[in-house]
Amino acid sequence: MSSKNKIEANNLTKHFERKIALSSLSFTIKQGELIALIGPSGAGKTTLLNSIAGLVPISGGELLIDGQPLSTFKKGKVFAKKVGVIRQQFDLIGPLAVIHNVLAGKLSDWGTFKSLFSLLITQEKDIALKALKRVGLPEKAYEITSTLSGGEQQRVAMARLLVQKPEVILADEPVASLDPARADDILAMLTKIAAEENQTLITSLHSVEYARKYFNRIISMKNGEIFFDLPTEQVSDELLAELYQIKSGGVG
Ligand SMILES: Nc1ncnc2c1ncn2[C@@H]1O[C@H](COP(=O)(O)OP(=O)(O)OP(=O)(O)O)[C@@H](O)[C@H]1O
Ligand SMILES: [Mg+2]
């Protein structure tokens with residue numbers, strides 16, 4: 001028996017004024033799938049991820065999570081358990097100690113102030129320290145977050161995600177600002193965590209190499225449409241060349 005659809009889009013459309021950013025997309029994603037979202041700049045990757053995260057309202061069609069329209073989910077604790085987002089800037093609070101940022105994952109509906117107090121609870125502290133250990137930063141718990149390197153801060157964001165434990169993780173170019181070794185490291189960790197927790201992961205990437213290395217399925221977008229949606233092993237160099245072609249409709 002096949003598992004249930006975690007995310008389902010039916011003719012999903014998004015326009016900004018007259019600009020069509022997503023043009024009638026349809027796809028289904030099952031729980032536990034690891035998906036890379038690729039395509040040229042302006043293709044609609046961020047718009048799609050933001051739509052699934054409920055950060056931008058859709059203009060038409062349907063977007064379901066666990067069979068329920070996204071619009072029926074209330075923001076707050078319940079939604080934070082469903083969908084977690086990693087952005088390029090990680091959304092960490094720089095002046096706070098690392099451990100507070102990690103606990104913010106658990107207390108997404110409490111706000112910073114209460115998450116500071118949560119450290120008084122030993123159990124919560126242990127959860128945060130365990131997560132930091134898992135991402136390889138146990139010794140940084142009490143350092144000020146903004147003093148960490150970009151790669152380390154990305155690990156803190158990962159620890160926060162471990163604590164939040166959402167069913168779906170959306171990551172928009174999570175490694176864009178990192179050097180290749182760090183980028184590889186973070187993607188290895190992100191995909192490993194998602195696989196271990198049976199989480200659904202959708203990551204937009206500009207690197208086809210990483211998409212192929214760490215993800216089972218690649219969805220490519222071009223001009224607001226799905227260009228191909230294939231198991232990684234079926235993605236040929238020819239298709240990729242066509243996807244990223246700069247000229248369109250030129251030579252005939
Ligand atoms: N808030 C907005 N207002 C108007 N147009 C927008 C807005 N956000 C996105 N767009 C347009 O929608 C299209 C898709 O943008 P999007 O940011 O989703 O692309 P992308 O695939 O993430 O690109 P990149 O790889 O450069 O991040 C672009 O043409 C963009 O200009
Ligand atoms: Mg983008």
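In listed order, ligands and their atoms are each counted from 1. Counting begins at 1 with the first residue of the sequence.
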**Study point:** For atom 25 (O) of ligand 1, the protein heavy atom that lies nearest, with its residue and separation
**Key:** Lys45 NZ, 2.7 Å
Review point. Under 3.5 Å, is there a donor-acceptor pair between the side chain of Arg155 and the main chain of Val135?
Key: yes
**Study point:** Least distance between heavy atoms, Ile169 atom then Gln199 atom
**Key:** CD1-OE1, 3.5 Å
Practice item. State if Glu17 counts as touching ligand 1 under the rule of any non-hydrogen atom under 4.0 Å. Key: no
Practice item. Say whether Gly44, considering both its backbone and side-chain N or O atoms, lies within less than 3.5 Å of an N or O atom on ligand 1. Key: yes
Revision key, fill the gap. Here the atoms of ligand 1 under 4.0 Å from any heavy atom belonging to Thr46 are 17 (O), 18 (O), 20 (P), 22 (O), 27 (O)
Practice item. If you have a sec, work out which protein heavy atom is nearest atom 29 (O) of ligand 1 and how many Å separate them, to one decimal? Key: Lys19 CE, 3.0 Å
Point to revise | Modelled atom types, side-chain donor and acceptor of Asn10 and Ser26, under 3.5 Å | key: no
Revision key, fill the gap. A student checking ligand 1 against Glu173 at a 4.0 Å heavy-atom cut-off should list atoms 25 (O), 27 (O)
Check your understanding: At what distance is the nearest protein heavy atom to atom 24 (P) of ligand 1, and which residue and atom is it?
Key -> Ser41 OG, 3.6 Å
Point to revise | Residue pair Asp126, Lys133: steps toward the salt bridge (charged side-chain N to carboxylate O under 4.0 Å, His left out) verdict | key: CA-CA 10 Å; Asp126 286 349; Lys133 199 166 169 195; over 6 Å; no
Practice item. Please check atom 31 (O) of ligand 1 for a protein heavy-atom neighbour under 4.0 Å. Key: no
Review point. In the protein, what heavy atom is nearest to atom 6 (C) of ligand 1, and what distance, to one decimal place, separates them?
Key: Phe16 CD1, 3.2 Å
**Study point:** salt bridge (charged side-chain N to carboxylate O under 4.0 Å, His left out) between Lys192 and Glu196, worked out
**Key:** CA-CA 6 Å; Lys192 182 168 178 277; Glu196 282 172 4; 3.1 Å; yes
Practice item. Please say whether Gly39 places an N or O atom under 3.5 Å from an N or O atom belonging to ligand 1. Key: no
Review point. To which protein heavy atom is atom 18 (O) of ligand 1 closest, and what is the distance rounded to 0.1 Å?
Key: Thr47 OG1, 2.5 Å
Exercise for review: Taking only Lys NZ, Arg NE, NH1 and NH2, and the carboxylate oxygens of Asp or Glu, determine whether Arg182 and Asp179 approach each other closer than 4.0 Å.
Suggested key: yes
Practice item. Pick out which of Val83, Leu63, Leu64, Ile7 makes a side-chain contact (heavy atoms from CB on, under 4.5 Å) with Leu70. Key: Leu63
**Study point:** Member of Thr203, Leu190, Asp184, Leu34 meeting the side-chain contact (heavy atoms from CB on, under 4.5 Å) criterion with Tyr214
**Key:** Asp184
Point to revise | N or O pair under 3.5 Å between Ala21 and ligand 1 | key: no
Check your understanding: Distance only, no hydrogens: is a donor on one side chain within 3.5 Å (strictly under) of an acceptor on the other, for Asp172 and Ser204?
Key -> yes
Review point. Strictly under 2.8 Å, is any N, O or S atom of Thr46 next to the Mg ion (ligand 2)?
Key: yes
Review point. Which bit of Met221 is near ligand 1, meaning a heavy atom under 4.0 Å away: side chain, backbone, both or neither?
Key: neither
**Study point:** With sequence neighbours excluded, residues passing salt bridge (Lys or Arg N to Asp or Glu O under 4.0 Å) with Glu167
**Key:** Lys6, Lys82
Point to revise | For atom 14 (C) of ligand 1, the protein heavy atom that lies nearest, with its residue and separation | key: Gly42 O, 3.3 Å
